[in-house]
Amino acid sequence: MKLVNADGWPGVIDGDHVIDLRPLLTGLDGDRAASFRHVMAHWDRLSDDVLDGRGALPRTPLAAIHLGPPVPRPGKILAAPVNYETHRREMGSEHTVRTLGLFLKAPSSVIGPGDDILLPYDDRRIDHEGELAVVIGKTARDVPADEAGAYIRGYTGLIDVTMRGPEERSARKSFDTFTPLGPWVVTADEVGDPNDLRLRLWVEGDLRQDDRTAGLILGVPELVALASSMMTLEPGDVLATGTPAGVGPIRPGDRLVLEIDRIGRLEVGVALRERSGQLLRRT
Ligand code: MN
């Protein structure tokens with residue numbers, strides 16, 4: 001099933017409609033972030049309630065809904081730095097995820113379908129990195145790879161927007177709007193094997209990235225194992241699996257489309273931030 005952010009609240013796609021899950025989220029006091037985490041944590045039970053109560057739950061045509069990021073404020077976003085051999089070669093990196101480990105992106109950097117990536121500088125190279133993202137559904141600590149599937153709620157598309165340069169990796173990737181996410185979380189049962197999905201990214205209709213997740217150096221189960229050996233993963237946490245070759249700069253006015261097999265299509269724009277970032281000394 002496809003779990004969405006429908007006008008700011010959790011929903012699930014049913015044909016060309018969205019079922020509003022709010023009536024099933026009592027006791028959360030209207031806390032939006034908690035509502036999304038709750039759905040990720042308890043979807044097995046909630047999905048039964050949806051099937052039982054489908055007729056009684058409010059429904060809205062999908063076309064009338066504004067889709068937001070399917071996990072609007074994850075507890076954390078963990079990401080794999082160099083996890084495709086093709087991308088390692090294009091970056092001339094001697095290292096891969098095996099030696100670099102994982103890094104964190106700020107949860108506040110998340111945006112959704114149709115939103116704009118806001119570039120904080122007009123004189124720095126800022127790249128798109130199209131990636132498959134894993135959304136955690138169950139608290140995970142020291143999980144072996146062969147048990148990782150039980151901790152995965154589903155998958156979504158993620159663009160790991162990255163400023164090149166000497167600053168710390170997390171800083172270069174954590175500006176507001178630097179993590180487009182969506183268009184929805186497809187539950188793991190519907191995706192099946194995540195390790196051979198075609199991933200494509202277009203900039204202004206120009207195909208820039210075209211690869212399969214079969215090229216991942218550490219596949220999804222191994223990434224969950226590595227991540228959960230470093231820190232406790234919690235429901236709603238997002239794990240970005242890394243980007244294949246073809247990364248390149250984005251400019252104000254660009255339209256980006258990320259499409260992943262069995263996940264869907266995420267489209268965002270690019271604009272220049274009105275008040276340019278002053279945090280970093282320009283290099
Ligand atoms: Mn990346």
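For the single chain, residues carry numbers from 1 onward in sequence order. Whatever order the structure lists them in is the order used to number ligands and atoms, beginning at 1.
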Report the atom name of the nearest N/O/S atom of [X] relative to the Mn ion (ligand 1).
X	value
E131	OE2
D160	OD2
E129	OE1

- Message: Closer than 3.5 angstrom, by distance alone: can the side chain of S47 be matched with the main-chain N or O of D44 as a donor-acceptor pair?
- Response: yes
- Message: When you measure from the centre of the six-membered ring of F178, is the NZ or CZ of K173 closer than 6.0 Å and no more than 45° off the axis?
- Response: no
- Consider only side-chain heavy atoms of I, L, V, M, F, W and Y, link residues closer than 4.5 Å, and tell whether V50 and I13 are in one cluster. no
- Short N-O contact, E190 and R262, less than 4.0 angstrom: no
